[in-house]
Q: 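Pasting in a structure now, in structure tokens, and then I'll have a few things to ask.
Below, chains carry the letters A, B, ... as their sequence lines are ordered, and counting in each starts from 1. Because the structure is a prediction, the values reported are computed rather than measured.
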Amino acid sequence: MSQDRRRWRSCLVLEGTDMTEEIRVRFAPSPTGYLHIGGARTAIYNWLFARQHGGKLILRIEDTDAERSTEEMIKGILDGLEWLGIDWDEGPYYQSQFIAEHQEAARQLLASGHAYKCFCSKEELEAKRELARTRKEDYRYDGTCRKLSPEEIAEREAAGQPYVIRMKVPEGDGAVTFTDAVYGEISKRYRDIEDFVIVRANGQPLYLLSNVVDDARDRISHVIRGQDGLGNTPKQILLYNALGKKLPVFAHMSLTLDPKRAKISKRTHGELVAVHFYREHGFLPWALVNFLVLLGWSNPDSKEIFTYEELLEAFSFDGMNRANSIFNVNKNDPKFITDPKAINMNAHYIRTMPLEELEPYVRAELEKAGLWRDEFAGERREWFLRTVDLIRARYHLLTDFATLGRPYFSDEVEIEIEAKARKKNLDKFPGLREWLPELADRLEKLAEFTPERVEAEMRAFAAEVEVKPGVIINGVRTLITGQLAGPGLFEIVETLGRDLVTARLRRPF
RNA sequence: GGUCCCAUCGUCUAGUGGCCUAGGAUAUCGCCCUCUCACGGCGAAGACACGGGUUCGAGUCCCGUUGGGACUACCA
């Protein structure tokens with residue numbers, strides 16, 4: 001990578017657009033049923049760029065692949081965006097509604113001599129391609145129909161021969177050259193571009209054409225998309241020029257790969273790469289956004305945790321990395337359901353965000369698990385928030401509140417005891433079978449049930465039965481929470497309250 | 001195969017020719033804190049793909065090799 005590329009990157013963004021012109025970007029997913037993290041990342045960058053410049057984000061569904069696009073498929077995408085907090089200003093527009101316009105553009109190209117009708121059949125083409133392959137030559141459409149005389153064309157048309165429309169790529173030594181806002185100057189020689197098809201034999205326009213026509217109509221000023229669009233950009237530029245449309249600024253972003261360096265996809269990774277997977281597994285939307293924005297982008301002072309405002313301030317194409325990045329998921333890892341850094345970021349927000357902002361998320365988890373009680377939002381709200389605050393530092397996912405948090409929010413006595421905890425804190429000291437119920441009686445009689453008094457009582461009790469305080473303390477923790485680990489015991493005791501604590505202490509184990 | 005793009009710790013990355021004995025984050029390990037586990041604090045280990053140039057000096061510039069990725073459809 002050359003370093004001078006960096007220098008003009010920031011200027012370039014402004015260069016393509018004078019100040020009187022609106023910044024308009026678009027996110028144009030095909031309706032695959034759900035938003036995957038690669039798409040989400042693209043959407044995020046577009047959204048940030050629009051918001052940063054007071055521009056507009058247009059949502060366009062590229063649904064021309066009819067079989068694949070259903071109402072539900074589209075909804076999956078929209079839900080994902082909405083959950084992430086990405087809002088758009090126009091749309092969703094549907095590419096399929098503009099097919100006539102795409103066809104009209106092709107007619108215009110035909111009329112202006114920028115395109116031509118090609119009567120070669122698929123079979124002929126395949127044969128030529130095969131021949132080239134056996135000869136180890138590289139194949140490009142040979143332009144047979146480009147040389148057809150008007151008479152020959154008329155003749156074939158009269159005979160009802162089907163045809164596709166091909167773009168007439170300029171001949172000679174020239175090249176298409178453009179400056180990408182991330183990748184710098186990209187150049188592709190005409191001779192390396194074949195006369196590509198823009199309209200099928202059945203009259204359906206191809207993506208390359210549709211995309212350009214749509215972007216031009218929607219007055220897109222900056223095309224921010226995955227690097228997989230980089231190779232097609234020269235062809236699209238040819239189309240823009242032939243159509244007499246102004247070029248947008250192109251900004252391609254590196255791709256997101258899996259640990260085997262393959263492009264992440266629904267096929268090979270399934271749910272793991274779906275935004276809704278993260279939603280269902282207890283991610284905070286902003287934590288995901290924050291993580292995703294860092295996948296391929298960074299800022300000079302290495303800041304990693306951003307508020308929305310900070311991100312708007314900091315974001316720039318200057319920080320885009322041109323190298324693809326790896327989304328570090330290891331299926332089968334019992335400890336990490338996804339990239340450890342993503343989880344860490346989620347945990348960071350869980351333990352540091354304002355309690356009132358966390359509250360609705362925890363509530364939703366508890367509701368899902370049947371642990372929610374209305375009083376948590378009413379007379380016990382203060383207790384609820386304090387309890388959330390007490391346990392959140394060791395949770396990584398919102399779902400932890402419903403699983404690991406169960407002993408805290410449920411008033412059932414027979415809380416399940418983890419095997420490891422039972423072994424280490426209960427079984428190891430058989431005396432606890434007598435001591436713990438006895439301790440329950442003593443706690444019952446305590447004048448004041450405060451952390452201080454409970455602690456004093458327990459330590460005194462430990463001294464009486466001649467064991468280290470830890471034996472009693474850990475035994476109590478295990479019996480009243482079922483867990484090996486957790487907050488300080490006396491805080492737990494205070495949160496659970498006397499009745500629950502003594503009840504759980506008296507159960508046999 | 002052709003074209004284009006890319007290459008710094010396991011992963012995300014800083015790096016704009018001397019501030020680099022290569023910095024941060026995460027993950028891992030250790031110590032401190034402590035009733036446990038986290039959090040927090042401190043520390044350890046861990047990278048410039050390779051080879052040539054250019055230069056007084058190269059992670060940084062150039063060339064090559066290797067490796068990876070994308071594009072290359074009458075898919076989007």
Side-chain angles (χ1 to χ4, degrees), chain A residues 1-7 28-32 62-65 68-69 95 118 121-122 125 129 132-133 136-140 162 164-166 180 183-184 186-189 192-194 196-202 204 206-208 210-211 226-235 252 254-255 257 259 261-263 291 294-305 319 321-328 335-336 339-345 347 351-352 391-396 421 424-425 455 458-459 468-474 476-478 483-490:
Chain A
M1 127 189 34
S2 85
Q3 302 225 332
D4 14 303
R5 281 188 186 170
R6 280 213 161 187
R7 233 162 274 147
S30 41
T32 47
E62 307 215 316
D63 60 343
T64 29
D65 187 1
R68 274 208 314 226
S69 91
Q95 185 165 69
C118 171
S121 71
K122 270 187 189 174
L125 259 20
R129 203 171 291 142
R133 203 170 319 158
K136 292 208 184 314
E137 289 165 359
D138 48 303
Y139 173 80
R140 222 162 287 128
V164 300
I165 301 178
R166 282 182 190 272
D180 187 90
Y183 283 92
I186 305 286
S187 187
K188 191 156 183 163
R189 289 169 308 196
D192 291 325
I193 309 172
E194 73 171 348
F196 53 98
V197 177
I198 55 176
V199 178
R200 294 186 183 90
N202 67 6
Q204 292 294 314
L206 249 41
Y207 163 74
L208 229 40
S210 302
N211 193 252
Q227 191 236 56
D228 43 358
L230 196 57
N232 280 325
T233 305
K235 293 180 188 169
H252 287 88
S254 58
L255 265 22
L257 274 23
R261 300 185 180 276
K263 207 168 130 182
F291 169 76
L294 251 26
L295 218 52
W297 174 81
S298 64
N299 69 323
D301 49 325
S302 298
K303 186 178 168 66
E304 299 207 321
I305 301 288
N321 195 337
R322 283 172 287 264
N324 294 339
S325 56
I326 293 171
F327 184 54
N328 200 14
K335 194 162 177 193
F336 299 105
D339 192 312
K341 194 154 183 171
I343 293 185
N344 173 274
M345 191 143 300
R351 68 175 177 263
T352 58
I391 57 182
R392 65 171 168 166
R394 65 216 85 213
Y395 291 175
H396 297 134
K424 191 174 170 193
N425 291 335
E455 177 165 9
M458 283 196 194
R459 287 186 188 277
K468 281 189 285 189
V471 172
I472 299 298
I473 290 172
N474 289 323
V476 171
R477 185 200 326 280
T478 298
Q483 294 167 2
L484 194 59
L489 179 69
F490 308 108

Q: Could you state the CG-P distance from A:N321 to B:rU11, rounded to the nearest angstrom?
A: 13 Å
Q: A:K263 has a side chain; which of B:rU3, B:rA27, B:rC71 sits nearest to it?
A: B:rC71
Q: Counting any heavy atom closer than 4.0 Å, what does A:L489 reach on the DNA or RNA strands: base, sugar-phosphate only, or nothing?
A: base
Q: Could you work out the separation of B:rA25 and B:rC6 based on their C1' atoms and round it to a whole Å?
A: 23 Å
Q: Indicate whether OP1 or OP2 belonging to B:rG69 is found under 4.0 Å from a side-chain N or O atom of A:R322.
A: no
Q: Say whether, by atom type as modelled, one donor and one acceptor occur between the side chain of A:Y183 and the main chain of A:H252 under 3.5 angstrom.
A: no
Q: Does a side-chain N or O of A:R477 approach OP1 or OP2 of B:rA38 to a distance below 4.0 Å, or not?
A: no
Q: Using a 4.0 Å heavy-atom cut-off across all strands, classify A:K303 as base, sugar-phosphate, or nothing.
A: nothing
Q: Name the residue closer to the 5' end of RNA chain B, choosing between A:F291 and A:E137 according to the nucleotide with the nearest heavy atom.
A: A:E137
Q: Taking A:Y207's backbone N and O only, do any of them form a donor-acceptor pair with A:N211's side chain (distance below 3.5 Å, no angle check)?
A: no
Q: Please measure how far the P atom in B:rA58 lies from the corresponding atom in B:rA22, and state the result in whole Å.
A: 15 Å
Q: Could you work out the separation of B:rU16 and B:rC61 based on their P atoms and round it to a whole Å?
A: 10 Å
Q: Taking 4.0 angstrom as the limit, do A:K341 and A:E304 come out as a salt bridge?
A: yes
Q: Output the single nucleotide from B:rC37, B:rC6, B:rG2 whose closest atom is nearest the side chain of A:R394.
A: B:rC37
Q: Give a yes/no answer on whether the side chain of A:S298 brings an N or O atom under 4.0 Å of OP1 or OP2 in B:rA14.
A: yes
Q: Counting only side-chain nitrogens and oxygens, does A:R351 get under 4.0 Å of the OP1 or OP2 atom of B:rG40?
A: yes
Q: Has the side chain of A:N328 got a donor or acceptor atom that lies under 3.5 Å from a matching backbone atom of A:D339?
A: no
Q: Does a nitrogen or oxygen in the side chain of A:N344 sit under 4.0 Å from OP1 or OP2 of B:rA27?
A: yes
Q: Atom CD1 of A:I326 to atom C1' of B:rU8: distance rounded to whole Å?
A: 14 Å
Q: If I pick the P atom on B:rA44 and the same atom on B:rA49, what distance separates them, to the nearest angstrom?
A: 24 Å
Q: Check whether the side chain of A:K188 and the base of B:rC4 form a donor-acceptor pair under 3.5 Å.
A: no
Q: Say whether, by atom type as modelled, one donor and one acceptor occur between the side chain of A:R261 and the main chain of A:S325 under 3.5 angstrom.
A: no
Q: Have a look at A:S187 and say if it touches a base, only the backbone sugar-phosphate, or nothing, with a 4.0 Å heavy-atom cut-off.
A: sugar-phosphate
Q: Which part of the nucleic acid, if any, lies within contact of A:P487, taking any heavy atom under 4.0 Å across all strands shown: a base, the sugar-phosphate backbone alone, or nothing?
A: base
